[in-house]
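Notes follow the structure.
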Amino acid sequence: TQPAEFETALITYGPWKQVAPDQLLVGKSGKHVRVQIDTGGLPFKVVAETIDEDVKAKGKPVRLAIVLQQPVKQATVTATITPAK
């Protein structure tokens, strides 16, 4: 009933970069995916955080948080992931 902070996240082991205000490029060695972020016009930011846990994979996973910049009562965040060329 009250507006609250909201975020959702993606987890990756690969390198990433923000290539546009609403797009991320994730991957390496010519194998990338494009992540198109749609918040319905609500302002957001992407915050990266390394997850410091013991894992069997090389490197540590990174949590890419999609953080809405204002409290909301209702929101839809869509991350569309497609192969990048």
Side-chain angles (χ1 to χ4, degrees):
T1 61
Q2 297 292 328
E5 294 180 355
F6 181 80
E7 68 180 58
T8 189
L10 303 167
I11 307 296
T12 182
Y13 281 92
W16 71 279
K17 64 181 174 178
Q18 191 163 1
V19 295
D22 61 350
Q23 286 186 18
L24 307 175
L25 191 63
V26 181
K28 63 180 178 179
S29 303
K31 297 178 182 177
H32 295 86
V33 294
R34 185 169 309 277
V35 180
Q36 180 72 44
I37 302 166
D38 179 7
T39 61
L42 296 172
F44 70 93
K45 63 183 175 180
V46 176
V47 178
E49 176 184 3
T50 300
I51 300 172
D52 191 20
E53 293 186 12
D54 291 330
V55 292
K56 294 183 181 186
K58 284 186 178 181
K60 302 281 185 179
V62 175
R63 179 181 187 270
L64 301 175
I66 302 165
V67 181
L68 298 183
Q69 293 186 312
Q70 61 193 39
V72 294
K73 282 187 175 181
Q74 178 178 332
T76 300
V77 177
T78 304
T80 304
I81 302 170
T82 56
K85 296 181 180 185

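- Taking 4.5 Å as the limit, every side-chain heavy atom of Val62 sits out of range of all side-chain heavy atoms of Ile51.
- Between the side chain of Ser29 and the backbone N or O of Lys31, no donor-acceptor pair lies under 3.5 Å.
- Residue pairs satisfying the side-chain hydrogen bond (donor to acceptor under 3.5 Å, both in side chains) criterion with at least one member in residues 65-84, sequence neighbours excluded, are absent.
- Val26 places none of its side-chain heavy atoms less than 4.5 Å from the side chain of Pro15.
- Between Val77 and Leu42, the closest side-chain pair of non-hydrogen atoms is not below 4.5 Å.
- Note on residues 14-25: pairs passing side-chain hydrogen bond (donor to acceptor under 3.5 Å, both in side chains), not counting sequence neighbours, are Asp22-Gln36, Gln23-Arg34, Gln23-Gln36.
- Here the side chains of Leu64 and Val35 are not in contact, with every heavy-atom distance at 4.5 Å or above.
- Side chains of Pro61 and Ile11 form a contact here, defined as non-hydrogen atoms less than 4.5 Å apart.
- Listed by chain and number, the residues in a side-chain hydrogen bond (donor to acceptor under 3.5 Å, both in side chains) with Lys60 are Asp52 (sequence neighbours excluded).
- Both Phe6 and Ile37 are assigned to one and the same hydrophobic cluster, defined by single-linkage of ILVMFWY side chains at heavy-atom distances under 4.5 Å.
- Using a cut-off of 4.0 Å between Lys/Arg side-chain N and Asp/Glu carboxylate O, Glu7 and Arg63 are scored as salt-bridged.
- At a threshold of 4.5 Å between non-hydrogen side-chain atoms, the residues Val19 and Leu24 do not count as touching.
- The two residues Phe44 and Pro21 make their nearest non-hydrogen contact at CZ-O, 3.3 Å.
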